[in-house]
Peer 1: 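Got a structure here, written out as structure tokens. Questions coming.
In listed order, ligands and their atoms are each counted from 1. Predicted, not measured: the structure shown is a model, and the values here were computed from it. Along the sequence shown, residues carry numbers from 1. The figures that follow rest on heavy atoms only: side chains count, while hydrogens, waters and symmetry mates do not.
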Amino acid sequence: MIKTQTLIIGANSVIAKAIAAKLQTDTEVGLIVISRDLSCYSGMCNEQINKITVPDYQSSSIEQAIIGITQCDQALINQAPITQVFICNGVLHNAQLKPEKRLEDFSAQAFQQVMQINALIPMLWIQQLTPILTGNTPCTLTVFSARVASISDNHLGGWYSYRASKAALNMLLKTAAIELFRRAKNIKLIAFHPGTTDTPLSKPFQQNVPADKLFTSDFVAAQLLNIVENIEVDGEASYLDWQGKSITW
Ligand SMILES: NC(=O)c1ccc[n+]([C@@H]2O[C@H](COP(=O)([O-])OP(=O)(O)OC[C@H]3O[C@@H](n4cnc5c(N)ncnc54)[C@H](OP(=O)(O)O)[C@@H]3O)[C@@H](O)[C@H]2O)c1
């Protein structure tokens, strides 16, 4: 019987799929997966998984998805609260952009796109999820950040848009945690750095990464699930790496 539910947003990410695969083996955990493309979940059509496809991540689409979450099984939500949320969306490169090496590479359009995907989209989810997560049941809400977002640890430079967008994301999480401490004490916010993980996002940048520092998504998912299971809901945002170690903001 399902006792708790886990919500995975940006569920087509390679790391998201590894989290889902791990949780699917636990019959007490229900899954809600949200993505623009859920075809990879077509094999998992059992009672344990609710799938919500979004056309995009505009505010109105997120609003519709929230209605979907609450309507898809109100009875289930009452019996089995959402206790874990993972927001996996993030972009480093795509057909229109790549991380900047020097000032000349910077483009306003690319910057806006990266900011929208890496900072704005997670913020809209936090805004719209808070009412349905607020209550007495502890809930962790993990957003995928990156170590390069650390302002104090920036010694290498480069990657202007990605760094700035994840640093903005971290500030949004820190700020939201202060508000949630007053009005939704059960929600714990986590900015998570998975380490360099073998996914399409890191593919073009893997050549200089030592083999033992390039993680599988399966390993990262196991680390993250262990971290969120054991973390204290303490009213603060935590910025953690894959070992559960704090990163300086
Ligand atoms: N892999 C690494 O080495 C590494 C290192 C540090 C941090 N991270 C972070 O970890 C997270 C997961 O990354 P991953 O490595 O698993 O990457 P991935 O497999 O390439 O997944 C990409 C994710 O970004 C979303 N996305 C891509 N383009 C988008 C767009 N135009 N609009 C909205 N969403 C978009 C996808 O959402 P859909 O499900 O809707 O397609 C998916 O959730 C990211 O936030 C990334 O920044 C990864």
Peer 1: For Gly10, take its heavy atoms, then give the atoms of ligand 1 lying under 4.0 Å from any of them.
Peer 2: 37 (O), 39 (O), 42 (C), 43 (O)
Peer 1: Please confirm whether Ser217 approaches ligand 1 to less than 4.0 Å, judged on its heavy atoms.
Peer 2: no
Peer 1: Do the charged groups of Asp234 and Lys188 touch, with an N to O distance under 4.0 Å?
Peer 2: yes
Peer 1: Relative to ligand 1, is Phe144 under 4.0 angstrom through side chain, backbone, both or neither, heavy atoms considered?
Peer 2: both
Peer 1: Report, in ascending order of atom number, the atoms of ligand 1 lying under 4.0 Å from any heavy atom of Thr197.
Peer 2: 1 (N), 2 (C), 3 (O)
Peer 1: Please say whether the positively charged group of Lys213, taken as NZ for Lys or CZ for Arg, lies over the ring of Phe215, i.e. under 6.0 angstrom from the six-membered ring centre and within 45 degrees of the axis.
Peer 2: no
Peer 1: Counting non-hydrogen protein atoms only, what is the nearest one to atom 35 (C) of ligand 1? Give residue, atom name and distance.
Peer 2: Arg36 NH2, 3.4 Å
Peer 1: Please confirm whether Tyr162 approaches ligand 1 to less than 4.0 Å, judged on its heavy atoms.
Peer 2: yes
Peer 1: Under 4.0 Å from a heavy atom of Leu201: give me the atoms of ligand 1 that qualify, with their elements.
Peer 2: 1 (N), 2 (C), 4 (C), 15 (O), 17 (O), 20 (O), 46 (C), 47 (O), 48 (C)
Peer 1: Where does Ile121 meet ligand 1, judged by heavy-atom distances below 4.0 Å: at the side chain, the backbone, both, or neither?
Peer 2: side chain
Peer 1: Strictly under 4.0 Å, does any heavy atom of Ala16 approach an atom of ligand 1?
Peer 2: no
Peer 1: Take every heavy atom of Val91, measure it against each atom of ligand 1, and state whether any distance is under 4.0 Å.
Peer 2: no
Peer 1: Does Phe106 have its ring centroid less than 6.0 Å away from the ring centroid of Phe111?
Peer 2: yes
Peer 1: Should the proximity of Thr199 to ligand 1, defined as any heavy atom under 4.0 Å, be assigned to the side chain, the backbone, both, or neither?
Peer 2: side chain
Peer 1: Under 4.0 Å from any heavy atom of Ala11, which atoms of ligand 1 are there?
Peer 2: 39 (O)
Peer 1: Could you find the nearest protein heavy atom to atom 44 (C) of ligand 1 and give me its residue, atom name and distance?
Peer 2: Cys88 O, 3.2 Å
Peer 1: So between Gly195, Ala18, Ser202, Ala146, whose heavy atom ends up nearest atom 5 (C) of ligand 1?
Peer 2: Gly195
Peer 1: Below 4.0 angstrom, N of the basic side chain to O of the carboxylate: do Asp105 and Lys98 qualify?
Peer 2: no
Peer 1: Which heavy atom of the protein is the closest neighbour of atom 19 (O) of ligand 1, given with residue, atom name and distance?
Peer 2: Val14 N, 2.9 Å
Peer 1: What do we get for Lys166 next to ligand 1 when only non-hydrogen atoms under 4.0 Å count, side chain, backbone, both or neither?
Peer 2: side chain
Peer 1: Hey, which atoms in ligand 1 end up nearer than 4.0 Å to a heavy atom of Pro200?
Peer 2: 19 (O)
